[in-house]
There are 2 protein chains.
Amino acid sequence: MRYSAGHKLETKEKLLQSSSLSAKKTGFSSMGVDGLMKAIGLSGAAFYSHFSSKDDLFAAIVERELCQSLERLGGQGKQDRERLERCLKLYLNMAHVEQPELGCALPALGAEIARSDIVVREQAELWICKLQESWAQILESDSLAWAILSQCVGALVVARMLASPKIQQRVLNSCHEEIGQQLAASRVQ
Amino acid sequence: MRYSAGHKLETKEKLLQSSSLSAKKTGFSSMGVDGLMKAIGLSGAAFYSHFSSKDDLFAAIVERELCQSLERLGGQGKQDRERLERCLKLYLNMAHVEQPELGCALPALGAEIARSDIVVREQAELWICKLQESWAQILESDSLAWAILSQCVGALVVARMLASPKIQQRVLNSCHEEIGQQLAASRVQ
DNA sequence: GTCTATACGCCGATAGAC
DNA sequence: GTCTATCGGCGTATAGAC
C-alpha cells in the first residue's frame, strides 16, 4: 500500500467533516461529488474509495451529525435542568440561525432526511429518540420533551426562512420565552 | 394567436399546481423542468413561455403556497380560539405527515426557502408574519403565536424524519397536548 | 488510494418551425 | 404557445495507469 495505514481514515474523516458542513449550508442534493472532493484537495474519482455512492455518504453524514447533536444537546450521563436550559439558549441563538453549517442537522437537513430511504430514517429515529429520552428524563415528561424538541427545530426552520434579522430574533426570543414558561409550569406541577 | 385568451392562464395555473405538489413531495431542487412539463402533458421548452427561469417558478410556488397556508390557518377576518384549535388538530395529523404534497409548504420547503435569495425570503416573511399576526390577535400574545407556529412546523419536520408511524404519532400527540396546555395557561392568565 | 480520462444521462436554457 | 432539435455544462459513476 502506497499510503500509510491511518491515511484512509483521515481522508474519510476530512471528507465527512467537509461534506457535513456543505450539506447543512447548501443542502445535500445540491452538492456534486466532484466539488466535495475538490474541497478537500482530491479528485472526484477518489470519492469512491471511501463511499460506494453519494447516498452512502448521506447516510454517514446523518449518523455523524445526529450523534454529534445528541452529544451537544442530550449529553452523556445524568443531566439537570440548568444545563438543558443553557443548551436551549445556545440552540435558539442568532449565530445558529446565521451559520447552519456549524449547527444542528435537524433543521438544515430535516426535509432531505424525510425524503430518504427507510435505512436513513431508522438511523435518524434512533438518535432523535435518544435525545428525546434524555430530555424526558430531565423534564419528567415524555410529551414535554417532544414538544420542546419540535419547537426548537421549528424555530430554526422558521427563522431561517425570514429576511430580516429583527424578526428572526423575535422568533427565537418568543420560543425561548414560551419554553421557559412550559418548563416553569412543569416544575410546580 | 393560435391559442384562446384564457389558455395561457389555465396552463400556467396547471403548471403551478402540479409543480407545487411535486416540490413539497420530492423537494424543489430535485425536479427537472422537463419532468415538470411532461407531468402536465407539455414539452420542456414550453416552460419558458410561462416562467423566465426555474428560480422564477420557485418564487411563484412559494407565494402561492404561503398565501394558501395563510387562508387555511389564519383565515380571513375575525377568528376565534375554537377555530384555531381545529386548525391545529388538522395540522398535527398523521395524514399531514404522510402526504406532504397536500400540506403546508413550511415544513416541506422551509430549508430550500431559507437558502433562496432575498426576494423569495421577503415574500415568505410577508406571509409568515401575516399568519403570526392573525394568531397573535386571537391569542392576545405575540410570543405565544410565534412559539406555536414554530412548534407546528417543527413537529412535522421531526415526525417526517422518523421511520415508525407510532413514534410519529407520539410526536404529534405530544405537541398537540403541550400546545393545549399553553393555550389553557394563556387563557387564565 | 489517487489520478486522468471517459461514458452516459440529465440539467437549464435557447433557436427556429408551425 | 408549443413543438423538435440542440447546445454546453454538470451530474454520478467506472476503467485503467501509477
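These figures come from a predicted structure and were not determined experimentally. Note on naming: letters A, B, ... go to the chains in the order of the sequence lines (proteins, then strands), and numbering restarts at 1 for each one. Quick note: numbers below take in every heavy atom, side chains included, and nothing from hydrogens, waters or symmetry partners.
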Requested in this report: Give me the residues of residues 29-49 of chain A where at least one heavy atom lies under 4.0 Å from an atom of DNA chain C, by number, or none.
Outcome: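 Hits under 4.0 Å, by residue number: A/G41, A/L42, A/S43, A/A45, A/A46, A/S49.
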Legend entry - Verdict with reasoning, A/S143 to B/E178, per side chain to side chain donor-acceptor pair (under 3.5 Å): CA-CA 7 Å; A/S143 67; B/E178 295 298 329; 2.6 Å; yes
Working note: A/E125 + A/I128, criterion side-chain contact (heavy atoms from CB on, under 4.5 Å); need CA distance, chi angles, decisive distance, verdict. CA-CA 5 Å; A/E125 182 172 286; A/I128 292 171; 5.8 Å; no
Query raised in the report: Taking NZ, NE, NH1 and NH2 as the nitrogens, is one of them in A/E85 or A/R187 under 4.0 Å from a carboxylate oxygen of the other?
Result: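 Between A/R187 and A/E85 there is a salt bridge, with a charged N closer than 4.0 Å to a carboxylate O.
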Q. Is it true that B/K38 and B/D34 make a salt bridge, defined as a side-chain N closer than 4.0 Å to a carboxylate O?
A.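 Looking at B/D34 together with B/K38, the answer is yes, because their closest N to O distance falls below 4.0 Å.
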Can you measure [X] atom [atom1] to [N] atom [atom2] for me and round it to whole angstrom units?
{"X": "B/L57", "N": "C/dG12", "atom1": "CG", "atom2": "P", "result": "10 Å"}
{"X": "B/F28", "N": "C/dG12", "atom1": "CZ", "atom2": "C1'", "result": "11 Å"}
{"X": "B/Y3", "N": "D/dT2", "atom1": "OH", "atom2": "C1'", "result": "4 Å"}

Between A/S186 and A/R81: side-chain donor-acceptor atoms closer than 3.5 Å:
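Result is yes, a qualifying pair exists.
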**OP:** List the steps and the verdict of side-chain contact (heavy atoms from CB on, under 4.5 Å) for A/L16 and A/L57.
**Re:** CA-CA 8 Å; A/L16 260 176; A/L57 168 64; 4.1 Å; yes
Side chain to side chain donor-acceptor pair (under 3.5 Å) against B/N173, all qualifying residues, sequence neighbours excluded: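 For B/N173, the residues satisfying side chain to side chain donor-acceptor pair (under 3.5 Å) (neighbours in sequence not counted) are B/Q169.
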**OP:** Could I get the full list of side chain to side chain donor-acceptor pair (under 3.5 Å) partners for B/S30, not counting sequence neighbours?
**Re:**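 So B/S30 forms a side chain to side chain donor-acceptor pair (under 3.5 Å) with B/T26.
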Stretch residues 9-21 of chain A: residues that reach within less than 4.0 Å of DNA chain D through a heavy atom: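 Correct list: empty, so none.
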Requested in this report: Side chain of A/K8 only, please: which of D/dT2, C/dG12, C/dG1 is the nearest?
Outcome: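 Nearest to the side-chain atoms of A/K8, counting from C-beta on, is C/dG1.
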Q: Report the C-alpha distance between A/R121 and A/I118 in whole Å, list the side-chain angles of each, state the deciding distance to 0.1 Å, and finish with yes or no for side-chain contact (heavy atoms from CB on, under 4.5 Å).
A: CA-CA 5 Å; A/R121 296 207 314 283; A/I118 183 72; 3.6 Å; yes
Please set out all donor-acceptor pairs under 3.5 angstrom arising from side-chain atoms of residues 96-109 of chain B, sequence neighbours excluded.
unit_1	atom_1	unit_2	atom_2	d
B/H96	ND1	B/Y91	O	2.9
B/H96	NE2	B/C104	N	3.0

Please tabulate the protein-to-nucleotide N/O contacts below 3.5 Å involving nucleotides 16-18 of chain D, giving atom names and distances.
unit_1	atom_1	unit_2	atom_2	d
D/dC18	O2	A/R2	NH1	2.7

